[in-house]
Colleague: 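Can you read through this structure? Questions will come right after.
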Amino acid sequence: MIEVVAIVPVEVGICKTCDQVANVFKIKMREELPYGAGDLDALLQALSKAGPHSVRFTSPFTLRGLFLMIKYKTGKLPLVIANGKLVHSGPVKYPDELLKKLRAALEIG
């Protein structure tokens, strides 16, 4: 299993009902929380080539995300954890290098 601790781009609203009512009147009440698009693309590219493994995305703002950052002693995001071992932390500059690390960690486990 692969677990990724990262801030992914999302739209945040007040509540579902308010968003639905606002949509009827063509009003956008949601706010986008962006993340580095290039970094997320590189991460997803490496994950998609790693093979058929389950991937769990965890927000760093949850207790589990905080626990994982403390456990692996890093605050750099994204954290990529495969079979309980830290594979990568920090921005993904080279998807191919991350893919090699992922494959090595997944073959051992």
Colleague: Roughly how far apart are S48 OG and L43 CG, rounded to 0.5 Å?
Modeller: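 Here the interatomic distance stands at 9.5 Å.
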
Colleague: When you group the ILVMFWY residues by side-chain heavy-atom contacts below 4.5 Å and let the links chain together, are F57 and L102 in the same group?
Modeller: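 L102 and F57: one cluster.
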
Colleague: Show your reasoning for whether side-chain contact (heavy atoms from CB on, under 4.5 Å) applies to L98 and L47.
Modeller: CA-CA 9 Å; L98 176 57; L47 289 173; 5.9 Å; no

Colleague: Check V87 against A82 and note the closest heavy-atom contact, atom names and distance.
Modeller: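 What the structure gives for the nearest pair is CG2-CB, 3.6 Å.
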
Colleague: Compare all side-chain heavy atoms of I7 with those of P60 and state whether any distance is below 4.5 angstrom.
Modeller: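 SC-SC contact between I7 and P60 confirmed.
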
Colleague: Between OG of S54 and CD of E3, what distance do you get to the nearest 0.5 Å?
Modeller: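 Going from the OG atom of S54 to the CD atom of E3 covers 10.0 Å.
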
Colleague: In terms of heavy-atom contacts, does CG of L63 have more than 12 from other residues, nucleotides or ligands at under 6.0 Å?
Modeller: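 12 or below, so no.
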
Colleague: Between I2 and I81, is any pair of side-chain heavy atoms under 4.5 Å apart?
Modeller: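 Counting from C-beta outward, I2 and I81 never come under 4.5 Å.
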
Colleague: Taking all non-hydrogen atoms of both residues into account, name the closest pair between P95 and A42 and its distance.
Modeller: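 P95 and A42 have their closest heavy atoms at CB-O, 3.6 Å.
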
Colleague: Are side-chain heavy atoms of M69 and L79 found at a separation under 4.5 Å?
Modeller: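 Result yes, sub-4.5 Å side-chain heavy-atom pair found.
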
Colleague: Are H53 and M1 side-chain neighbours, meaning at least one heavy-atom pair lies under 4.5 Å?
Modeller: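 In short, these two side chains do not touch, never coming nearer than 4.5 Å.
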
Colleague: According to side chain to side chain contact (heavy atoms under 4.5 Å, CB included), who are the partners of S59, at least two apart in sequence or on a separate chain?
Modeller: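 Side chain to side chain contact (heavy atoms under 4.5 Å, CB included) check on S59 returns F61, T62.
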
Colleague: Kindly say whether V5 contributes a backbone atom to a donor-acceptor pair with the side chain of R64 at under 3.5 angstrom?
Modeller: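 No.
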
Colleague: Mind checking whether V21 and I27 sit in one hydrophobic cluster, side chains of I, L, V, M, F, W, Y counted as touching below 4.5 Å?
Modeller: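 The answer is yes; both residues are in one hydrophobic cluster.
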
Colleague: Could you walk me through whether K101 and V80 pass side-chain contact (heavy atoms from CB on, under 4.5 Å), step by step?
Modeller: CA-CA 10 Å; K101 291 177 186 178; V80 181; over 6 Å; no

Colleague: Indicate yes or no: at least one non-hydrogen side-chain atom of R56 is less than 4.5 angstrom from one of T58.
Modeller: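 A side-chain contact under 4.5 Å exists here.
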
Colleague: Taking all atoms of both residues into account, what is the closest heavy-atom pair of A105 and N83, and its distance?
Modeller: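 Minimum heavy-atom contact is O-ND2, 3.4 Å.
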
Colleague: Kindly work out whether a path of hydrophobic side-chain contacts (I/L/V/M/F/W/Y, heavy atoms less than 4.5 Å apart) joins L99 to V92.
Modeller: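 No, no single cluster joins them.
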
